[in-house]
Structures are given as C-alpha cells and as structure tokens.
There are 2 protein chains.
Amino acid sequence: MSEGNSGESKPRAGRTADGRRQLRGALAVAALDLFAAKGYESTTVEDIVAAVGVGRRTFFRHFRSKEEVVFPDHDERLAGVVRELEQAGESEPPMAVVCRTAETVLDMYLADPEVSLKRFELTRQVPSLRDREIVSIDRYQRVFARYLRQRFSEPPDAELRAAVTAATVVATHNHVLRRWLKSGGGFDARAALREALHEVTAEDTRVSSPESAADTGEVVVGVVRTSTSVHAVREQVERVLREIGENDSD
Amino acid sequence: MSEGNSGESKPRAGRTADGRRQLRGALAVAALDLFAAKGYESTTVEDIVAAVGVGRRTFFRHFRSKEEVVFPDHDERLAGVVRELEQAGESEPPMAVVCRTAETVLDMYLADPEVSLKRFELTRQVPSLRDREIVSIDRYQRVFARYLRQRFSEPPDAELRAAVTAATVVATHNHVLRRWLKSGGGFDARAALREALHEVTAEDTRVSSPESAADTGEVVVGVVRTSTSVHAVREQVERVLREIGENDSD
DNA sequence: GATGCTAGCGGCACTGAGTGCCATCAGCAA
DNA sequence: TTGCTGATGGCACTCAGTGCCGCTAGCATC
C-alpha cells in the first residue's frame with residue numbers, strides 16, 4: 001500500500017475544475033479510510049496525501065484543516081439551509097418553514113447512510129471531531145434563530161422565543177438523527193422527525209395573547225397552574241373564550 | 001513591561017500548592033492582558049510565559065491548551081453543576097432543579113462581571129474561542145439532558161423531552177446572559193432569567209393528559225387550533241375542566 | 001543539620017498542523 | 001508557438017503541544 005493507490009493509475013493530476021473535485025473526493029475517501037484503519041490522531045496529513053499521491057500543500061488547498069476533511073460539505077449544506085430559509089414566502093408560517101428545513105437537513109444525512117455512519121463512528125471516538133460537530137450544529141441553530149427572529153418581530157419576547165424555538169427544533173432533529181445513527185440507519189427517521197416535531201412544536205407555536213392568536217390562524221395555548229382552583233381556571237377560560245368569540249366569525 | 005511584572009517581585013516560584021494556584025492565576029491574567037493588547041492570534045504562549053517570567057513548558061502544565069487559559073475554570077464549573085444536580089432530592093420537580101442550576105450557572109458569570117465581559121469581548125472576536133465556548137455550553141446542555149432523562153423515565157418520549165427541555169433551558173440562559181453581556185452588565189440578569197424561564201418552561205412542563213396533570217400538581221396546558229370553531233373549543237375546554245374537577249378538591 | 005523523597009519547574013528536542021512563497025506545469029486561447 | 005491562468009509541488013517557517021531529563025524547593029525523617 002506504499003505506492004499506486006487503489007484502482008486507477010494516476011499519471012498526473014488534471015488541472016481542470018472537474019479534476020479538482022475528483023481530487024477533493026479522493027482525499028476525503030483516503031482520509032476516512034486511514035482514520036478508520038489507524039485512528040484519527042495517528043493519521044497525519046502526510047499519510048493522507050501519500051495515499052492519494054499528491055503534495056501536502058495541496059491538501060490544505062482543498063481543506064482548511066485536517067478536521068474539515070471529515071465534514072467536507074458542511075459549509076455547502078449550511079449555505080443550502082440559509083437559501084431554503086430565504087426563499088420561503090411570508091405566507092408560510094415561520095414554524096412550518098423551520099421544520100421543513102430541519103427535515104431537509106436530516107435528508108442530507110439520510111441521503112448517504114454509509115458515509116453518515118462512518119462519520120458518526122469517528123465523531124464518537126475522537127473528541128476534537130465531536131467538538132467540531134457540535135459547533136457546526138450550533139451554526140444551524142443560529143441560522144434558524146436568526147430567521148425566526150425576523151419572522152417573530154412582533155412582541156418584545158421575539159428574540160427569546162426565536163432562540164428557544166430554534167433550540168427546540170435542533171434538539172429534536174439531533175435526537176432523531178442520533179437514534180437513527182445508533183440504530184445503524186434502521187428506521188424511518190424522516191417520519192420520526194416529523195412526528196417528534198409535531199409533538200414538540202405544538203407547545204412552542206403558542207402566542208401570548210388570544211387576540212393575535214385568532215388573527216393569525218395559528219395555534220392558541222392556554223396555560224393554567226393546577227394549583228389554582230378549578231373555579232378560577234374556569235373563569236379565566238371563559239374570559240379567553242369570550243375574547244376569542246369577539247374576533248371569530250363563528 | 002519587558003521584565004518585572006506588576007507589583008510583587010517574584011524572586012523564584014514557590015513549590016507549594018498555594019504558589020501553584022497563584023502562578024496559574026498570574027498566567028491567566030497575563031494572557032488576558034496580552035490578548036486584549038495584541039490580539040489572541042498574535043499572542044504566542046512564549047509571550048505569555050515571558051510576561052510572567054516562567055518557562056513555556058510550565059504553561060502547559062497549568063493549561064491543556066492556549067484556549068483553555070481564557071476559560072480556566074470551566075471544568076470546575078461543570079463539575080459544580082453536576083454536583084448540584086446529583087445532590088437534588090427526588091421530591092423537588094426535575095424542572096425546578098434544572099432551572100435552579102441554570103441560575104447557579106448564570107451567577108457564576110455575574111460573580112465577576114469584569115472578567116466575564118473581557119472574555120465575552122474575546123470570544124466575539126476570535127472564532128476559535130467562540131467555538132470553544134459553544135462546546136462548553138453544549139457540555140452543560142448534555143449534563144442537563146442526562147439528569148432530566150433519569151427523572152423523566154416514565155413515558156417512551158422521556159429522552160426526547162429531556163433533550164428538548166435541556167435545550168430550552170440552556171437557550172434561555174444563553175439569551176439572558178448574552179443580553180446582559182451586550183448591555184455591559186447593566187441590568188438584573190438573575191431576575192430576567194427567572195422570569196424568562198418561567199415563561200418558557202411553562203410550555204414544556206405540560207403533560208399530555210389532564211388527569212396526570214391534576215395528579216402531579218404541575219402545569220396543564222390545553223392546546224386548540226384556532227381554525228376550529230369557538231363552540232368546539234368551548235366544548236373541549238368544558239370537558240377538560242370537568243375531568244380536572246373530578247380530581248380536584250375545590 | 002544531614003539525608004532522602006516528591007512535586008513542581010526549566011529547557012531541550014521533537015512531532016505535526018497550518019501558512020507563505022515561489023517555481024513549475026497542464027490547459028486553453030490567441 | 002506564445003502567453004496567460006489556475007492548480008500543483010516543494011521548501012521553509014511559525015507555533016501549539018508533548019516527552020524526556022535534570023534540577024531544585026519544600027518537607028519529612030532520622
């Protein structure tokens with residue numbers, strides 16, 4: 001395995017843009033193979049470029065760091081998420097947009113289970129890669145929060161609600177993804193995410209005042225402490241229903 | 001400022017355990033000063049140890065990395081959080097424990113505003129430090145989630161609920177902390193966090209069925225779609241109130 | 001007060017990631 | 001053929017982090 005890598009003989013790397021992508025892919029594959037064989041820490045960039053047959057300097061022209069070779073398309077994916085959020089119309093409820101986008105992110109993992117599982121195994125064993133993953137997840141969360149902040153721009157709590165909602169959606173996504181990865185990709189994660197998001201976001205799509213709830217046609221959630229008496233609860237609920245009735249055509 | 005650091009002349013570093021802590025502190029202070037003056041990237045470990053007057057090797061005996069000198073007590077703090085969670089009794093509602101612990105974490109920042117603000121400025125400007133901060137925040141979230149998973153161990157969704165709840169609490173904490181830091185430490189963050197947690201966790205402590213809600217004495221949240229008619233809403237609410245009334249002493 | 005033990009310290013050498021610089025060469029157009 | 005451009009290769013360099021060894025301050029023991 002010292003010279004002449006698997007399969008094609010590569011007399012010289014092509015200088016075309018397509019050759020560049022191929023080389024990038026070859027580097028990523030070789031890196032993952034070596035990481036799996038020798039371990040991440042014990043594999044030097046020198047080893048990787050030797051396996052592909054290119055110079056060390058070239059590696060860092062394709063990847064900003066040794067860690068990035070494990071997540072070669074994270075930037076691209078994040079950009080895709082930003083695009084999807086930007087292209088969403090004003091008519092669609094913000095929550096629906098974010099949930100849909102979260103499903104898109106999940107799909108990215110589901111699209112190539114083999115690679116996803118390999119990466120998962122690596123990130124579980126290598127602390128620095130785990131940290132890297134955490135950071136990139138946080139990027140998604142920030143993007144979600146930023147989007148929701150724009151869309152929520154009504155009450156003074158918009159920022160808090162956006163942050164919490166983004167955290168909720170991302171945590172739910174991660175939970176489902178993690179279960180899927182741990183199971184070795186053996187169940188319908190897409191459906192599971194959809195269900196979980198439905199369950200979880202039902203709490204968060206609440207609006208503070210019943211009036212705006214009736215206006216937006218969203219979901220209204222009445223919150224009461226059970227320590228208060230049933231009479232008091234009934235009185236509160238009656239008042240809310242009266243207020244809703246004033247704005248409702250029915 | 002090339003030799004003889006501020007204040008005490010240090011003829012030779014003491015070998016005692018107390019001297020060790022003093023040296024650690026001196027290194028941290030010198031590092032933060034240099035980072036503020038020259039920038040993080042432009043400051044080498046060599047510079048830091050030169051300012052204190054110790055060897056380069058000594059720095060890495062006190063801090064695992066150059067980044068860690070910015071967050072010298074994160075491990076300690078996390079351990080404190082774990083301890084606080086472990087010491088919480090079974091009688092206290094899990095949510096209350098987590099919220100209380102989140103307030104403890106906030107207090108750690110509020111305890112030394114000067115240092116917190118200095119760190120904030122650094123983490124805002126230096127990407128690698130920002131990443132580090134994100135990772136350490138995630139550690140808190142994981143600890144919270146683990147605790148809640150144990151306490152929630154009833155329904156099949158315990159894991160999801162624990163993850164989402166932890167994410168919610170942490171996001172709320174971060175939101176308040178961030179506002180406090182951005183304001184330069186100019187308002188009562190403790191009260192703000194308490195209020196925000198109250199507002200935010202009210203949604204998450206919901207229980208699925210009204211019966212169990214009445215039993216636990218927690219909070220019950222009724223969810224209705226405003227697209228349904230007011231009559232239907234009223235009917236639903238009346239039924240819930242009846243069910244609660246059967247278990248309520250009032 | 002001399003002796004030995006231990007814990008930190010200093011320094012040296014080394015690995016390896018990441019960068020700047022420059023020469024080189026493939027590909028393409030004129 | 002000539003010139004331009006973009007990707008590469010290689011070299012040298014900085015700097016974080018580690019292993020190793022010798023040293024010494026502090027402390028206990030005799």
Side-chain angles (χ1 to χ4, degrees), chain A residues 3 5 8-28 30-31 34-35 38-72 122 126-129 131-132 135, chain B residues 3 5 8-28 30-31 34-35 38-72 122 126-129 131-132 135:
Chain A
E3 55 186 291
N5 58 343
E8 74 275 298
S9 64
K10 183 180 32 54
R12 195 58 59 173
R15 254 68 169 184
T16 168
D18 189 60
R20 181 175 163 79
R21 261 185 314 181
Q22 282 185 5
L23 177 53
R24 183 181 163 90
L27 282 170
L34 284 170
F35 292 162
K38 301 175 49 179
Y40 177 80
E41 315 278 6
S42 306
T43 303
T44 68
V45 175
E46 188 72 41
D47 295 335
I48 300 170
V49 296
V52 180
V54 297
R56 204 175 76 92
R57 196 62 184 81
T58 301
F59 179 90
F60 290 104
R61 285 205 182 86
H62 286 271
F63 306 98
R64 281 191 291 269
S65 69
K66 182 182 167 188
E67 289 169 358
E68 189 178 327
V69 77
V70 182
F71 315 101
L122 263 178
V126 183
S128 68
L129 293 180
D131 291 353
R132 180 91 178 186
V135 168
Chain B
E3 53 185 291
N5 58 344
E8 74 274 300
S9 64
K10 183 180 31 57
R12 196 57 63 172
R15 256 68 167 182
T16 168
D18 189 59
R20 180 173 164 79
R21 262 184 314 181
Q22 281 187 6
L23 177 54
R24 182 180 164 91
L27 282 169
L34 283 170
F35 292 162
K38 301 176 48 179
Y40 177 80
E41 315 278 6
S42 306
T43 304
T44 68
V45 175
E46 187 73 41
D47 296 334
I48 300 170
V49 296
V52 180
V54 297
R56 206 176 73 92
R57 195 65 184 81
T58 300
F59 178 91
F60 290 105
R61 287 205 181 88
H62 285 270
F63 305 99
R64 282 191 291 268
S65 69
K66 182 183 167 188
E67 289 169 359
E68 188 177 328
V69 78
V70 181
F71 315 102
L122 264 178
V126 183
S128 69
L129 293 180
D131 291 353
R132 180 91 176 187
V135 168

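Protein chains get the first letters and strands the later ones, always in sequence-line order, with residue 1 at the start of each. Being a predicted model, the structure only gives us computed values, none of them experimental.
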- B/Thr58 side chain: which of C/dG10, C/dT19, D/dT8 is closest?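 Among C/dG10, C/dT19, D/dT8, the one nearest the side chain of B/Thr58 is C/dG10.
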- Item | Which residue lies more 5' along DNA chain D, comparing A/Arg56 with A/Arg61 via nearest heavy atoms |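 Per heavy-atom nearest nucleotide, the more 5' residue is A/Arg61.
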- Have a look at B/Thr43 and say if it touches a base, only the backbone sugar-phosphate, or nothing, with a 4.0 Å heavy-atom cut-off. sugar-phosphate
- Just wondering, do B/Val54 and B/Leu27 contact through their side chains at under 4.5 Å, heavy atoms?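 Side-chain contact under 4.5 Å: yes.
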- Message: Using heavy-atom distances to pick each residue's nearest nucleotide on DNA chain C, tell me which of A/Thr44 and B/Arg57 is more 5'.
- Response: B/Arg57
- Query: When the nearest nucleotide of DNA chain C is assigned to A/Lys66 and to B/Gly55 on a heavy-atom basis, which residue is associated with the more 5' position?
  - Reply: B/Gly55
- Side chains of A/Ser128 and A/Asp131: do they bring a donor and an acceptor to under 3.5 Å?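 No donor-acceptor contact under 3.5 Å links the two side chains.
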- Task: Grab the CZ-P distance between B/Phe63 and D/dG17 for me, whole Å please.
- Result: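 B/Phe63 atom CZ is separated from D/dG17 atom P by 12 Å.
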- Roughly how many Å is it from CD in B/Gln22 to P in C/dG8, rounded to a whole number?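 My rounded result for the distance is 15 Å.
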- Distance-minimising heavy-atom pair for B/Pro72 and B/Phe63: CB-CE2, 4.1 Å
Taking OP1 and OP2 of [N], is either one under 4.0 Å from a side-chain nitrogen or oxygen of [X]?
X: B/Arg20; N: C/dC9; value: yes
X: A/His62; N: D/dA7; value: no
X: A/Ser65; N: C/dA17; value: no

- Query: Taking B/Arg132 for the side chain and B/Phe71 for the main chain, is one N or O donor matched with an acceptor at less than 3.5 Å?
  - Reply: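 Pair absent, no side-chain N/O of B/Arg132 close to backbone of B/Phe71.
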